[in-house]
Novice: 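This is the structure, below, for whatever I ask next.
Note that ligands are numbered from 1 as they come in the structure, with each ligand's atoms numbered from 1 the same way.
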Amino acid sequence: MEKVFRNYNDIDVNAAVREHYRKMRERQTFEYVQRMHRKYLKFNKPMDLWEAMDHLNDLIDVSDPDLDLPNVQHLIQSAEAIRSDNRPDWMQLVGLIHDLGKVMFLWGSDEDGTSQNEQWGMVGDVFVVGCALPESCVYPEFNKLNPDMSDSRYNSELGIYEEHCGLDNLTLAWGHDEYLYQVLKHHKDNLIPEAGMVMIRYHSFYPWHSGGSYTSLLCAKDKEYLNWIRDFNKYDLYTKCNKIYDLNEIKDYYLPIANKYLGTGPIFW
Ligand code: FE
Ligand code: FE
């Protein structure tokens, strides 16, 4: 039988995934996201890329119904699939690092949803905060639990935003995508092309890239973003398998690429 990805109806996997999304929808408010930006976007913790990769050996993403392996395995699987399709070296690197923002669990907390036990502020499909939640969110029945949805500043189609202001002007639910994007944007040696940075920043934004929502907030440029994301998403989603890689073995190949686009010094988290 062909494997079905992102099946949210499997009863076993699902109690935990559903509970994750209930908390995420209920607690990711506009105010919460502002607070997380102030708290986590400090860029004052130096850590080598490979050390960060190593730490993801200790984390299993609770929101992913398809994978029960340490996250670093998913990163290697994505990178190897991009590599075997002979895609550009920077895109292979993006595959390898796209979920590295999850290292925030090292300095995260249960209250913030950024820990091993509570991941609702770190992983899972994200949505825009500051405007109405669309029905295309996974488990849309949880939308009404979000306090912002009964706040007139935030519960209209446009909310706090201007029509067609564009993706880059929206605030998304707090998680690993935005965290890694901001860390790399502030990294002085970063040479990852714009397409790669977009892949990192928006890969979890399913209600937009797969659900087709938020059309009134998008600008012309976002059409290009969508092509980049859809191209990347097949490797993020369809490469999940149970093959186990050794980080040290693949490092010989990826190290020169990482050095080329990120330099050799530490990254400031
Ligand atoms: Fe991710
Ligand atoms: Fe991923």
Novice: With sequence neighbours excluded, tell me which residues meet ring-ring contact (aromatic ring centres under 6.0 Å, His included) with Trp269.
Specialist: none
Novice: Taking the six-membered ring of Tyr139, is the NZ or CZ of Arg22 close enough (under 6.0 Å from the centre) and on axis enough (within 45°)?
Specialist: no
Novice: Once side chain to side chain donor-acceptor pair (under 3.5 Å) is applied, do any residues pair with Arg35, and if so which ones, sequence neighbours excluded?
Specialist: Glu31
Novice: Under the ring-ring contact (aromatic ring centres under 6.0 Å, His included) test, which residues partner His176, sequence neighbours left out?
Specialist: His203
Novice: May I ask you to list the protein N, O or S atoms found at less than 2.8 Å from the Fe ion (ligand 1)?
Specialist: Asp99 OD1, His176 NE2, His203 NE2
Novice: Is any side-chain heavy atom of Leu167 less than 4.5 Å from a side-chain heavy atom of Val198?
Specialist: no
Novice: Evaluate Glu111 against Arg27 for salt bridge (charged side-chain N to carboxylate O under 4.0 Å, His left out), listing each step before the verdict.
Specialist: CA-CA 10 Å; Glu111 311 88 88; Arg27 300 174 190 181; over 6 Å; no
